[in-house]
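Encoded as structure tokens, the structure appears first; notes follow it.
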Amino acid sequence: MLSQQQINQAMQLIIKQFPQAGPSLHAASNFQYLIAVTLSAQTTDKAVNQVTPQLFQSFPTPQALALASVPQVENLIKSLGLYHTKAVRIIKCAQQIVTNFDGQVPAEHRQLVTLAGVGNKTANVVLADCFGIPAFAVDTHVSQIAKRLHFVAPKANVQQIEATITQALEKQYWIKGHHAMIFLGRAYNFHNEKQIHNLPIVQQCDAWEAEQLAHSH
């Protein structure tokens, strides 16, 4: 595994490669962004951006969505995977925001995770992108890249990946780093070794890993 200093250097290279990296979900408010992130579970941001214009036109606020029926919402998001579960969850989430948080999306992790459909990853994404609060969300791209670049062991879980990267990287780079890793994962298929083995970032991390292995023998 790479040292913290090497992980930090690798992350800076990735951030430098994708200076324009940022949120790719479309939303006009914190509430809409939270709903969009919830809908993006196990589907692409692109697919979510295709259904949210209609959804947010019909139900632009938590007050409006809280009064929606499940079939009404299902009808608007049925092109997404798990659309029934997601419809139930986002309506409940809207109701909780209205009832428990005065109609405002809370800016605290422990409050966000009390909302339906909001886990650690969604809470971190919302804190970072809506409130600019340093948080590092681990999605499938981040997880795969962290393993391939030897930041973490191949069997590392989400918590271990989050801890490793946030310990190596200064807080001010957490949000940028998260988005840059996602852009890297979209630009190159990390499932396909042929596509990535010539990338400078991959070669650099492989070289560091080889050095570590040589020293440990």
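These numbers come from the heavy atoms of this one structure, side chains and all, not from hydrogens, waters or symmetry mates. Start at 1 with the first residue, then count along the sequence.
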Output all residues satisfying salt bridge (Lys or Arg N to Asp or Glu O under 4.0 Å) with [X], sequence neighbours left out; order by chain, then residue number.
X	answer
Glu108	Arg110
Arg89	none
Asp139	none

Once rounded to the nearest 0.5 Å, what's the spacing between atom [atom1] of [X] and atom [atom2] of [Y]?
X	Y	atom1	atom2	answer
Gln50	Thr43	CD	OG1	9.0 Å
Ile7	Trp208	CD1	CH2	9.5 Å
Leu184	Ile15	CG	CD1	11.5 Å
Leu55	Leu80	CG	CG	9.5 Å
His179	Ile14	NE2	CD1	14.5 Å
Gln160	Ser143	CD	OG	10.5 Å

Gln144: side chain to side chain donor-acceptor pair (under 3.5 Å) partners, not counting sequence neighbours: His191

What do you reckon, is [atom1] of [X] surrounded by more than 12 foreign heavy atoms closer than 6.0 Å?
X	atom1	answer
Gln172	CD	yes
Gln54	CD	no
Gln20	CD	yes

Transitive ILVMFWY side-chain link Ile201 to Tyr173, under 4.5 Å: yes

Give me each pair satisfying salt bridge (charged side-chain N to carboxylate O under 4.0 Å, His left out) with a member in [range], each pair once, sequence neighbours excluded.
range	value
residues 28-39	none
residues 11-27	none
residues 170-191	Asp45-Arg186
residues 204-217	Arg148-Asp206

For Gln159, all residues meeting side-chain contact (heavy atoms from CB on, under 4.5 Å), sequence neighbours excluded: Asn157

Partners meeting side-chain contact (heavy atoms from CB on, under 4.5 Å) with Gln63 (sequence neighbours left out): Thr61, Val98

Close side-chain approach of Gln204 and Leu149, heavy atoms under 4.5 Å: no

Ile165 and Val142, any side-chain heavy atoms less than 4.5 Å apart: yes

Compare every heavy atom of [Y] with every heavy atom of [X], then report the nearest pair and how far apart it is.
X	Y	result
Asn49	Leu25	OD1-CA, 3.5 Å
Leu34	Cys93	CD2-SG, 3.9 Å
Ala36	Val48	O-CG1, 3.7 Å

Examine the side chains of [X] and [Y] and answer whether a donor and an acceptor come within less than 3.5 Å of each other.
X	Y	result
Gln111	Thr114	no
Gln6	Gln212	yes
Asn120	His109	yes

Sequence neighbours excluded, every pair satisfying side-chain hydrogen bond (donor to acceptor under 3.5 Å, both in side chains) that has a member inside residues 90-105: none

Name the atoms and distances for all side-chain donor-acceptor pairs under 3.5 Å in residues 130-137, with sequence neighbours left out.
none

